[in-house]
Amino acid sequence: MSSASPSSGAEGPGGSITVELPDGSTRRVPSGSTGADLAAVIGRRLARDAVAVEIDGELADLTRALPDGAKVRVVVDASEEGRAVLRHSTAHVLAQAVCSLWPGAAYAIGPPIADGFYYDFELPGGARFHDEDLERIEQRMREIVEEDQPFVREEHSIESGLELFADQPFKREIIERVATTAGASEAGDEELLAEAGRGAAGRVSAYRNSPAFVDLCRGPHVPSTGRLRHFRLTRVAGAYWRGDEHRAQLQRIYGTAWESAQALEEHLHRLEEAERRDHRRLGVELDLFSFPEEIGSGLAVFHPKGGLVRRIMEDYSRRRHEEAGYSFVTSPHITKAGLFETSGHLEWYAEGMFPPMELDGGQRYYLKPMNCPFHILIYRSRQRSYRELPMRLFEFGNVYRYEKSGVVHGLTRVRGMTQDDAHIFCAREQMAGEITSLLTFVLDLLRDYGLSDFYLELSTKPEGKVVGSDEDWEEATAALRVAGESMGLELVLDPGGGAFYAPKISVQARDAIGRTWQLSTIQVDLQLPQRFGLEYVSADNARRRPVMIHRALFGSVERFFAVLLEHYAGAFPTWLAPLQARVLPVRDDHAEHAGRLAADLTAAGLRAEVDPASEPLGARIRRGRMEKVPYLLVLGDDDVAAGTVGLNVRGAPSPERGVPVAEAIARIVTDAASRAVSPATAGARREPGQ
RNA sequence: GCCGGUGUGGCGCAGCUGGUAGCGCAGGCGACUUGUAAUCGUCAGGCCGUGGGUUCGAGUCCCACCACCGGCUCCA
């Protein structure tokens with residue numbers, strides 16, 4: 001910030017300064033020139049689109065005087081940085097509007113976020129926002145925009161800042177935080193401090209855009225509220241102050257803001273697109289699964305079509321695991337409390353477990369939230385030799401977790417689910433190699449399900465309550481890091497994100513519209529083998545402790561099902577599609593041929609059926625398309641005569657007429673066997689990414 | 001768990017300030033016999049999420065609970 005202090009560069013009237021532009025060229029401008037002045041010199045269009053300026057790597061207001069010799073870049077509204085400025089400024093206007101409508105409201109923080117912004121408030125007398133309020137607030141915001149109020153930056157000492165915000169407890173708390181963390185900020189405080197407008201040491205900055213409203217803020221902001229036109233308030237929500245559920249719950253308003261009406265429109269359209277591929281909606285439309293209220297929150301039933309897709313997913317996984325040296329085991333859904341006491345789960349996660357049932361004179365039984373202790377008992381059922389390692393135990397295990405009522409979400413967050421869970425017991429010296437081959441296996445298999453865009457995340461030792469020595473954590477984390485780095489994928493760090501007993505590496509996948517999902521996780525666990533006293537007899541006849549690797553590939557079958565459903569927008573690739581081909585006889589008297597064709601398709605190993613001619617062909621074609629059947633085979637007079645079929649490939653713009661029956665069957669068989677994502681799903685993946 | 005919203009036939013929705021439920025799709029039946037995104041007719045289907053309350057009268061108002069949606073917190 002020092003190089004950008006307002007005094008430098010002001011050489012007095014008549015002088016001039018030189019600044020360097022991003023392309024390396026230099027410009028001579030009168031001293032005292034601002035970012036806005038510079039943009040105007042460069043071009044009218046740039047001047048119009050400019051929202052901020054970067055001076056020597058620091059974002060600043062357009063109104064700031066440029067220092068001599070600075071590297072300067074003008075930030076335009078249609079860039080991600082520019083939008084963040086627009087959104088941040090719009091958040092201020094939101095706060096201003098709320099304060100004028102609810103005198104005495106306390107405003108907390110209001111940062112830009114992906115695609116928008118929010119602002120947190122505490123309303124006087126414990127009042128709450130309601131949906132209808134959004135309209136009023138937005139109306140007031142538009143008035144403020146019409147008034148085109150300038151955003152004026154001010155800097156304050158800590159003392160004067162505290163005085164300025166004397167009646168704003170959250171602002172005071174932020175300023176006090178700035179004062180006490182001078183210099184080095186703690187992890188997690190970044191957002192807060194960014195809001196704080198921490199300026200030069202011991203100072204804070206604020207922006208005033210009318211006599212009535214000033215907000216503590218680092219900036220930069222657009223020059224005036226008139227720049228903020230294309231925004232919309234979207235929803236109200238509760239949010240805890242500083243993200244801590246033990247602190248006050250504030251009232252949050254979310255909004256979105258863009259550089260143009262068109263960009264706003266496109267954003268709203270993207271939201272609609274995401275809604276169209278929402279797995280909960282597709283689950284109903286395609287008759288795949290449901291959540292009967294009679295069963296309970298977060299507990300799904302899979303209908304025949306969904307059950308079929310699921311079974312195909314599982315079968316393929318099972319086969320691949322068998323080929324990769326896994327042994328299949330099963331374990332019960334409930335167990336005596338002692339097992340989870342030994343494992344430590346009751347100590348750590350009791351709140352997330354269903355409460356126990358008391359049987360046999362006070363014996364407590366729990367529904368299992370994890371499979372690992374069971375697999376451990378299988379390992380421990382007899383003495384193990386080093387010759388048996390690595391021992392890979394796999395189970396599609398049903399687990400039950402008591403998720404809090406507000407977090408249950410479709411198939412992605414449920415209370416009962418099936419994990420494709422495996423535990424690998426190996427010698428310590430086998431650990432690194434095992435993890436590497438495991439990661440390769442996982443990525444290969446995920447690719448077979450049609451996902452292809454991955455990155456890895458390494459979650460390290462959490463703060464606070466953990467078990468195990470530092471050396472153990474270090475070794476396990478290093479093994480994961482080495483394996484992760486060898487995959488040729490981006491590896492991002494998630495500091496403190498591990499479980500209490502183990503670090504983990506997770507595979508994140510981007511879907512067809514660019515959203516990321518955490519899928520597979522691999523955890524190296526040195527703790528449970530110890531808690532359960534696991535051993536094996538080594539080659540030199542010593543008793544050694546094995547390492548345990550936890551891993552789930554889908555995570556949960558239900559969740560992975562949902563991810564694929566959304567990724568494909570319901571148009572499963574042929575190998576996964578519940579119905580692969582449907583035969584449509586043009587008239588009733590083609591029924592016999594149609595029946596034979598369907599039988600041939602079935603004999604070729606395909607899932608096929610006939611849709612009889614009780615309705616016009618157009619209606620049946622339409623239904624087939626809406627059901628996203630990969631192949632629709634039309635059979636009429638011409639086809640009966642020539643031994644052909646009219647082939648409608650899902651996603652293709654027009655049908656192919658006169659395809660020989662044998663060729664049609666062969667093509668479908670090939671498509672299904674290849675587990676190809678195209679051609680039959682091509683039409684489902686044309687949406688632009690985000 | 002917390003904040004806001006929603007809950008009407010299988011699905012999507014309408015039902016104004018309280019007067020006793022309606023539409024489209026889907027479904028059954030009948031006719032139509034169809035060459036590429038909705039043939040016509042007809043019939044049936046509703047404890048208006050659940051339980052209390054106010055009222056002469058509640059889908060409409062009040063309370064509690066349940067479920068779902070959007071967030072927050074959490075996610076072994």
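Every chain is numbered from 1 and lettered A, B, ... according to where its sequence line falls, protein lines coming before strand lines.
- A sub-4.0 Å separation between OP1 or OP2 of B:rG70 and a side-chain N or O of A:R280 is present.
- Contact annotation: A:H409 reaches the phosphate of B:rG70 (side-chain N/O to OP1 or OP2, under 4.0 Å).
- Between A:F170 and A:F121, the distance separating the two ring centers is not shorter than 6.0 angstrom.
- When the C1' atom is compared between B:rG10 and B:rG18, the two are found 30 Å apart, to the nearest whole Å.
- For A:H550 and B:rA76, the shortest distance from a side-chain N or O to OP1 or OP2 is not below 4.0 Å.
- In this pair, A:F561 and A:F302 present their aromatic rings perpendicular. The plane angle is above 60°, beyond the 30 to 60° band.
- Contact annotation: A:R252 side-chain N/O to B:rG71 OP1/OP2 distance is not under 4.0 Å.
- Comparing A:H130 and A:S405, the nucleotide of RNA chain B nearest to each residue sits closer to the 5' end for A:S405.
- Candidate nucleotides B:rA37, B:rG35, B:rA76 were compared by shortest atom distance to the side chain of A:R625, and B:rA37 ranks first.
- Proximity note for A:I621 (side chain, C-beta onward) versus B:rU39, B:rG35, B:rA37: the nearest is B:rA37.
- Of all nucleotides listed (B:rU36, B:rU33, B:rG1), B:rU33 comes nearest to the side chain of A:R587.
- In this structure, A:A239 reaches the sugar-phosphate backbone alone: every heavy-atom distance under 4.0 Å involves primed, P, OP1 or OP2 atoms, never a base.
- Looking at the side chain of A:K404, the nearest of the listed nucleotides B:rG35, B:rU73, B:rU39 is B:rU73.
- Remark: A:H345 engages A:F340 in a ring pair (Phe, Tyr, Trp, His ring centres under 6.0 Å) (not counting sequence neighbours).
- Here the options are A:R280, A:R281, A:R276, the test is salt bridge (Lys or Arg N to Asp or Glu O under 4.0 Å), and the partner is A:D278; only A:R280 passes.
- Listed candidates were B:rG1, B:rG71, B:rU39. Nearest to the side chain of A:Y402 is B:rG1.
- In this structure, the nucleotide among B:rC66, B:rU36, B:rA37 sitting nearest to the side chain of A:R622 is B:rA37.
- Side-chain nitrogen and oxygen atoms of A:Y254 include at least one within less than 4.0 Å of the OP1 or OP2 phosphate oxygen of B:rC72.
- In terms of polar N and O atoms assigned as donor or acceptor, the side chain of A:R413 comes within less than 3.5 Å of the base of B:rC75 in a complementary pairing.
- Set against B:rC74, B:rA38, B:rC68, the side chain of A:S297 has B:rC68 as its closest nucleotide.
- Counting to the nearest Å, the P atom of B:rC32 and the CZ atom of A:R620 are 16 Å from each other.
- Pairing for B:rC16 is absent, judged as Watson-Crick or G-U wobble with the two contacts each under 3.5 Å.
- Between the base of B:rG35 and the side chain of A:D637 there is no donor-acceptor pair shorter than 3.5 Å.
- Closest to the side chain of A:D131, from the set B:rG35, B:rG1, B:rG4, is B:rG4.
- Across B:rU39, B:rC11, B:rA37, the shortest atom-to-atom separation from the side chain of A:M626 is found for B:rA37.
- Counting non-hydrogen atoms under 4.0 angstrom, A:F129 reaches the backbone sugars and phosphates but no base.
- Note: A:Y402 and A:Y400 fail the aromatic proximity criterion, with ring centroids not under 6.0 Å apart.
- Distance from the side chain of A:Q251 is smallest for B:rC3 among the nucleotides B:rU34, B:rC3, B:rA76.
- Distance, A:H279 NE2 to B:rC69 C1': 13 Å, rounded to whole Å.
- Between the side chain of A:R235 and the base of B:rC3, no donor-acceptor pair under 3.5 Å is found.
- When the shell of 6.0 Å around CD of A:E592 is examined, it contains 12 or fewer heavy atoms from other residues, nucleotides or ligands.
- Taking atom C1' on both B:rG70 and B:rG24, the two are 28 Å apart, rounded to the nearest angstrom.
- Within 4.0 Å of A:G352, counting heavy atoms only, lies at least one base atom of the nucleic acid.
- For the pair A:R401 and B:rA76, the criterion of a side-chain N or O lying under 4.0 Å from OP1 or OP2 is not met.
- Base pairing of B:rC65: its partner is B:rG49, meeting the Watson-Crick or G-U wobble criterion (both donor-acceptor distances under 3.5 Å).
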